[in-house]
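Count residues from 1 along the sequence.
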Amino acid sequence: MGSERQERPKVLGARLRALRDEAGLSGCSAGPEAGVGWPTVSKVENRRLVPCSDVLERLSRALLLDEATSREVRDLSVWPLLTSYGRHGS
């Protein structure tokens with residue numbers, strides 16, 4: 001499970017960046033559209049932050065994702081793989 005734990009944030013970040021690009025939004029504009037700071041968008045896309053389900057939902061709405069794509073993004077989330085303390089590798 002260790003390699004999957006490491007790979008999911010990479011795939012999620014890359015997918016969100018691609019979807020943001022497709023939507024024609026910069027990281028600076030996607031953050032406020034989603035009600036989060038632009039550093040949050042950057043950290044998610046660069047694997048420095050694992051977004052909670054609320055942030056993923058907000059980003060999905062800001063990017064105007066359809067239900068299937070929103071589900072794909074949720075499925076890439078690593079929250080089920082995290083420890084009860086919410087940190088990697090604990």
Side-chain angles (χ1 to χ4, degrees):
M1 179 168 27
S3 66
E4 182 180 3
R5 181 178 289 186
Q6 293 171 343
E7 198 61 27
R8 280 183 169 215
K10 181 178 179 181
V11 174
L12 176 63
R15 183 65 175 132
L16 284 173
R17 178 171 289 172
L19 291 166
R20 178 178 56 74
D21 287 344
E22 287 175 23
L25 295 174
S26 68
C28 290
S29 62
E33 287 287 327
V36 299
W38 68 265
T40 299
V41 175
S42 176
K43 288 176 184 176
V44 170
E45 290 181 354
N46 291 296
R47 300 174 298 169
R48 293 189 321 257
L49 175 71
V50 177
C52 66
S53 59
D54 181 56
V55 170
L56 282 175
E57 179 64 31
R58 289 174 182 210
L59 288 169
S60 293
R61 283 195 310 260
L63 299 175
L64 302 175
L65 302 183
D66 60 33
E67 182 57 37
T69 307
S70 292
R71 190 176 318 110
E72 172 194 349
V73 168
R74 280 192 311 269
D75 289 347
L76 288 172
S77 172
V78 297
W79 279 104
L81 300 176
L82 296 177
T83 67
S84 60
Y85 295 106
R87 290 184 278 169
H88 291 285
S90 298

**Message:** Could you go through Glu33 and Val41, starting from their C-alpha distance and side-chain angles, then the distance that decides it, and tell me whether this counts as side chain to side chain contact (heavy atoms under 4.5 Å, CB included)?
**Reply:** CA-CA 11 Å; Glu33 287 287 327; Val41 175; over 6 Å; no
**Asked** Would you say Leu76 and Leu59 are hydrophobically clustered, going by side-chain heavy atoms of ILVMFWY under 4.5 Å?
**Response** yes
**Message:** Once side-chain hydrogen bond (donor to acceptor under 3.5 Å, both in side chains) is applied, do any residues pair with Arg20, and if so which ones, sequence neighbours excluded?
**Reply:** Glu45
**Asked** Can you name the closest pair of heavy atoms from Arg15 and Glu22 and give their distance?
**Response** NH1-OE2, 4.2 Å
**Prompt:** Salt-bridged, Arg17 to Asp21, with N to O below 4.0 Å?
**Reply:** no
**Message:** Is there a path of hydrophobic side-chain contacts, each under 4.5 Å between heavy atoms of I/L/V/M/F/W/Y residues, joining Val50 to Trp38?
**Reply:** no
**Message:** With rounding to the nearest 0.5 angstrom, report the OG to CD distance, Ser70 to Glu57.
**Reply:** 6.5 Å
**Asked** If you round to the nearest 0.5 Å, how far is CG of Leu56 from CZ of Arg61?
**Response** 11.5 Å
**From Leu16 atom CG to Asn46 atom CG, the distance as rounded to the nearest 0.5 Å** = 11.5 Å
**Request:** May I ask whether Leu49 and Val36 are part of the same hydrophobic cluster, defined by side-chain heavy atoms of I, L, V, M, F, W, Y residues being less than 4.5 angstrom apart, directly or through others?
**Result:** yes
**Asked** Is Pro51 close to Leu12 at the side-chain level, that is, under 4.5 Å between some pair of heavy atoms?
**Response** yes
**Prompt:** Under 4.5 Å between side-chain heavy atoms, hopping through other hydrophobics if needed: is there a path connecting Leu65 to Val11?
**Reply:** yes
**Request:** May I ask you to decide if Ala68's main-chain N or O and Asp66's side chain share a donor-acceptor pair within less than 3.5 Å?
**Result:** yes
**Asked** Would Leu63 and Val73 count as a side chain to side chain contact (heavy atoms under 4.5 Å, CB included) if you check the C-alpha gap in whole Å, the side-chain angles of each, and the deciding distance to 0.1 Å?
**Response** CA-CA 12 Å; Leu63 299 175; Val73 168; over 6 Å; no
**Message:** Checking Glu72 against Asp75 for the side chain to side chain contact (heavy atoms under 4.5 Å, CB included) test, could you report, in this order, the C-alpha distance in whole Å, the side-chain angles of both residues, the deciding distance, and whether it holds?
**Reply:** CA-CA 5 Å; Glu72 172 194 349; Asp75 289 347; 5.8 Å; no
